[in-house]
There are 2 protein chains.
Amino acid sequence: MELRNTRQKQAIREAFSEAARPLSPEEALAYAQAHYKRLGIATMYRNIKALVEDGWLLPVEVPGRSTRYEVAGKRHHHHFHCKGCDKVFEVEGCVASSKPRLPRGFRSTSHEFYLFGLCSGCSARNKQHSKISDHGGRGETSVC
Amino acid sequence: MELRNTRQKQAIREAFSEAARPLSPEEALAYAQAHYKRLGIATMYRNIKALVEDGWLLPVEVPGRSTRYEVAGKRHHHHFHCKGCDKVFEVEGCVASSKPRLPRGFRSTSHEFYLFGLCSGCSARNKQHSKISDHGGRGETSVC
DNA sequence: ATGGTAATGATAATTCGTTATCATTGTAAG
DNA sequence: CTTACAATGATAACGAATTATCATTACCAT
């Protein structure tokens with residue numbers, strides 16, 4: 001398997017490379033169809049599965065949303081989920097220092113940090129059309 | 001609606017109060033049936049929905065899992081998801097200080113921090129029966 | 001105690017994301 | 001150029017979580 005190099009596979013890899021943010025299968029389909037119009041959703045699922053097994057893609061599980069996928073090998077980072085357009089973005093840096101105290105006997109092996117809010121596009125759109133429901137910061141976020 | 005005080009409703013509220021951790025509808029059903037045996041799952045879903053609307057319950061969305069619910073009004077905290085038993089626990093304290101830098105125009109309104117690993121029960125069980133797959137810390141967790 | 005009706009319980013139906021099926025297509029080895 | 005068969009595309013099927021349906025139950029104002 002995965003021995004023939006099809007236009008579909010190329011289009012799918014290009015989609016994830018270009019996007020530079022985690023994509024859902026449906027989102028990836030839209031991006032990839034810009035490269036190869038007749039691409040089907042089944043092929044997208046099949047190839048995502050294969051690319052994850054190959055280690056080329058990594059699943060990104062967002063709370064309350066379906067799984068997104070991003071190209072593997074990036075520096076440690078976290079994710080921002082836009083409530084407006086439902087897109088997920090990468091966030092550079094990390095929530096350094098502090099170490100949460102776990103109850104006795106608990107062993108933690110990994111963690112995830114998510115930010116929620118409005119991306120630049122939705123933030124601007126929101127500001128134009130209504131004055132309410134925008135209580136965000138200004139490029140920075142206080143953590144707790 | 002929500003004007004009659006049934007044994008089912010009492011049992012459901014007691015279940016969430018006693019558990020002191022976020023419960024899935026199925027988990028909550030098991031707890032509540034200790035108080036009222038003939039409780040059905042449909043009633044659980046109906047009441048969870050009502051209690052969320054009332055603000056008595058809060059949804060807790062865990063990456064890659066179905067939604068859990070916890071009683072509202074608690075101090076700021078985060079969650080620990082046990083890979084062994086799939087239960088979600090509360091974690092006191094927070095990942096203080098640092099502020100991730102967001103791209104221009106992004107506005108963040110909230111955040112979530114998740115820890116993954118093994119709870120005390122699963123950790124002990126794991127240590128007994130096999131020596132592998134436990135690379136956790138000792139009650140503390142380095143963040144990044 | 002009685003009765004109107006909110007609430008319940010069993011289960012059918014729905015939704016969403018994903019996987020399976022299978023006839024057809026097109027890559028690439030010979 | 002052929003040709004085998006990996007891969008695709010359309011869509012059916014699936015599984016899990018949740019919601020809808022509806023006959024029955026039981027809360028509580030009277």
Closest approach to the side chain of B:Leu3, judged atom by atom: which nucleotide of C:dA6, D:dG9, C:dT18 is it?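 The listed nucleotide nearest to B:Leu3's side chain is C:dA6.
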
Between C:dA7, C:dT18, C:dT27, spot the one nearest the side chain of A:Pro25, thanks.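 Nearest to the side chain of A:Pro25 among the choices is C:dT18.
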
Can a side chain N or O of [X] be found less than 4.0 Å away from OP1 or OP2 on [N]?
{"X": "A:Asn47", "N": "D:dA7", "answer": "no"}
{"X": "B:Lys9", "N": "C:dA7", "answer": "yes"}
{"X": "B:Tyr45", "N": "D:dT18", "answer": "yes"}
{"X": "B:Thr6", "N": "D:dC27", "answer": "no"}
{"X": "A:Gln8", "N": "C:dT25", "answer": "no"}

Do A:Pro63 and B:Val62 come close enough that some side-chain heavy atom pair is under 4.5 Å?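 The answer is no, as the side chains (C-beta and beyond) never meet within the 4.5 Å cut-off.
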
Close side-chain approach of B:Phe106 and A:Cys82, heavy atoms under 4.5 Å: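 They are not in side-chain contact.
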
Between [N] ([atom2]) and [X] ([atom1]): distance, integer Å:
{"X": "A:Ile41", "N": "D:dG9", "atom1": "CD1", "atom2": "C1'", "result": "11 Å"}
{"X": "B:Gln33", "N": "C:dA10", "atom1": "CD", "atom2": "C1'", "result": "14 Å"}
{"X": "A:Arg4", "N": "D:dT3", "atom1": "CZ", "atom2": "P", "result": "15 Å"}
{"X": "A:Tyr69", "N": "C:dG17", "atom1": "OH", "atom2": "P", "result": "12 Å"}
{"X": "A:Arg7", "N": "C:dT27", "atom1": "CZ", "atom2": "P", "result": "8 Å"}
{"X": "A:Leu23", "N": "C:dG17", "atom1": "CG", "atom2": "P", "result": "15 Å"}
{"X": "B:Met44", "N": "C:dT11", "atom1": "CE", "atom2": "P", "result": "18 Å"}
{"X": "A:Glu61", "N": "C:dG17", "atom1": "CD", "atom2": "C1'", "result": "13 Å"}

Carboxylate-amine/guanidinium contact B:Glu90 B:Lys74, below 4.0 Å: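 Looking at B:Glu90 and B:Lys74, the cut-off is met.
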
I'd like to know if B:Asp86 pairs up with B:Arg68 as an ion pair, taking the criterion as any Lys NZ or Arg NE/NH1/NH2 lying under 4.0 Å from an Asp or Glu carboxylate oxygen.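 Salt bridge present between B:Asp86 and B:Arg68.
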
Polar contact flag, side-chain donor to acceptor under 3.5 angstrom, A:Glu92-A:His76: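 Result is no, nothing qualifies.
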
Start at the 5' end of DNA chain D and walk down; is the nucleotide closest to B:Arg46 or to B:Arg38 reached first?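 This one resolves to B:Arg46.
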
When you match B:Lys49 and B:Asn5 each to their closest nucleotide on DNA chain D, which lands nearer the 5' end?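 Result of the comparison: B:Lys49.
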
Which residue lies toward the 5' end of DNA chain C, B:Ile12 or B:Ala42, if each is placed at its nearest nucleotide?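 Looking at DNA chain C, the more 5' nearest nucleotide goes with B:Ile12.
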
